[in-house]
Amino acid sequence: MLDKTETKTFLDDLFDQGLLIETGVDGLYGRSGLFEAIGDGFQALVSRYGAADEAEVVRFPPAMARSIFEKSGYMKSFPQLAGTVHCFCGNPADHVSLLQTIEQGGDWTAGQKASEIVLTPAACYPLYPTAAKRGTLPAEGRLFDLLSYCFRHEPSQDPARQQFFRMREYVRMGTPDQVTEFRASWLERGQALIGELGLPFTVDVANDPFFGRTGKMLAINQRDQRLKFELLIAIESEEKPTACLSFNYHQDHFGKTFGLTSADGEVAHTACVGFGHERVILALLKHYGTNVKRWPASLRQTLGL
Ligand code: ATP
Ligand code: ZN
Ligand code: MG
């Protein structure tokens, strides 16, 4: 029961201000023009911090080939988060029975067939096979700039945990040295960037939510090897701050899986830095308040607001 004296949640506040728009599903929201304008300012700031590297810009739709998704091993590690696209592929008679099922309140989705498309779980997934197709990496490796809506089935009333959210990424491919140098440099730059926004943060080692019992081992291993770092900001709770940026070293995982080769003939290593688009916007709204007109003038200027 909701106590009458209980204060409104941050999500309620965002709905009331029209910054996020309810759809009837937890974690699936519309965004207002102001919300988007803050995000545009943030993306431009990320681009300024990354500009010197001259990353190659690539944009994919928020979906990818099921065959590539299967090859990536995502279902081994994160079956609980995946979303697939199913479609009606029947004949007119099937259509009649489909409509009857809907009318009777039955499960009309049971007849839907898996299409060749699944929803993108992280912006970098569609990139690896595309890069591998170009052949052996040049001596300097490659660097890409990505931005995509991503899907994860993790419905929540925490506005910072959405089912469809945007992820900006820089993805580096090359030798272990090139790739670890990239990640170390973004660990610094990421902190400077969030510092410029005046947001209090911490940085910590982290692990992905690998599924099941073997998953526990994978998570421990990922932490032990310090393969994932997160930059955390308090949004929904002070005790459990939210990962707003993440810095991932995949070693040769994607290189092996998708046949990416370095100029020296070795399996290429990869790393990515991911920026949670909505999470940074929400961190700003939480920290400075939902009345953006009252934000410090210098911050508004930084974000072009
Ligand atoms: P968490 O531990 O909070 O679930 P994560 O470790 O799953 O985060 P990553 O897989 O590293 O996050 O994804 C890259 C970035 O995408 C994160 O740093 C975060 O900013 C953002 N992100 C991840 N999941 C969500 C989500 N459900 N809603 C909004 N942003 C998200
Ligand atoms: Zn990535
Ligand atoms: Mg997660």
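We count ligands from 1, going down the list as the structure has it; atoms in each ligand are counted the same way.
- Regarding atom 28 (N) of ligand 1, its nearest protein heavy-atom neighbour is Q162 N, 3.0 Å.
- Scanning the protein heavy atoms around atom 14 (C) of ligand 1, the nearest turns out to be S246 OG, 3.4 Å.
- Between Y149 and F164, the two ring planes are perpendicular [angle over 60°; tilted spans 30° to 60°].
- The shortest contact between atom 16 (O) of ligand 1 and any protein heavy atom is with M167 CE, 3.6 Å.
- Residues T175 and D177 bring no donor and acceptor atom of their side chains to less than 3.5 Å of each other.
- Atom OE1 is the N, O or S atom of E169 at the shortest distance from the Zn ion (ligand 2).
- For F151 and F165, the gap between ring centers reaches or exceeds 6.0 Å.
- For the pair E230 and D204, the minimum side-chain heavy-atom distance is 4.5 Å or more.
- Proximity of A122 to ligand 1, defined as any heavy-atom pair under 4.0 Å, is not found for any part of the residue.
- Under a 4.0 Å criterion applied to the non-hydrogen atoms of E230, ligand 1 contributes the atoms 2 (O), 6 (O).
- Checked for salt-bridge contact, E56 and R172 miss the test: no charged N lies under 4.0 Å from a carboxylate O.
- A side-chain N or O of T84 and one of H86 form a donor-acceptor pair less than 3.5 Å apart.
- Closest to atom 22 (N) of ligand 1, if we only count protein heavy atoms, is F165 CE1, 3.4 Å.
- Figure legend: R183 and W186 shown without cation-pi pairing, the cationic atom not lying both under 6.0 angstrom from the six-membered ring centre and within 45 degrees of its axis.
- The aromatic rings of Y249 and H269 sit tilted, their planes meeting at an angle between 30° and 60°.
- Under the 6.0 Å cut-off for aromatic ring centres, F15 and Y29 qualify, their centroids lying closer than that.
- Of the candidates E169, R189, H277, R168, V46 forms a side-chain contact (heavy atoms from CB on, under 4.5 Å) with just one, namely R168.
- The protein atom (non-hydrogen) at minimum distance from atom 4 (O) of ligand 1 is R161 NH1, 2.8 Å.
- Those atoms of ligand 1 that come under 4.0 Å of a heavy atom in K228, given as number and element, are 6 (O), 9 (P), 10 (O), 11 (O).
- Taking the ring centre of F210 as origin, the terminal cationic atom of K216 falls outside the region bounded by 6.0 Å and 45° from the ring axis.
- Note on ligand 1: T242 sits outside its first shell, no heavy atom being nearer than 4.0 Å.
- Near R152, meaning under 4.0 Å from one of its heavy atoms, ligand 1 places the atoms 5 (P), 7 (O), 9 (P), 10 (O), 12 (O), 13 (O), 23 (C), 24 (N).
- Atom 21 (C) of ligand 1 has its closest protein heavy atom at G276 CA, 3.8 Å.
- The C244 neighbourhood of ligand 1 comprises atoms 18 (O), 20 (O), with distances under 4.0 Å to a heavy atom of that residue.
- The Zn ion (ligand 2) has an N, O or S atom of C272 under 2.8 Å away, backbone or side chain.
- Distance alone, capped at 3.5 Å, places no donor-acceptor pair between the S77 side chain and the Y74 backbone.
- Every N/O-N/O distance between N248 and ligand 1 stays at or above 3.5 Å.
- Checked by distance only, ligand 1 and A243 come closer than 3.5 Å through their nitrogen or oxygen atoms.
- For V280, no heavy-atom contact with ligand 1 is shorter than 4.0 Å.
- Protein heavy atom at the shortest distance from atom 27 (N) of ligand 1 is E154 OE2, 2.7 Å.
- When hydrogens are left out, the protein atom nearest atom 8 (O) of ligand 1 is R279 NH1, 3.5 Å; that is the closest non-hydrogen contact.
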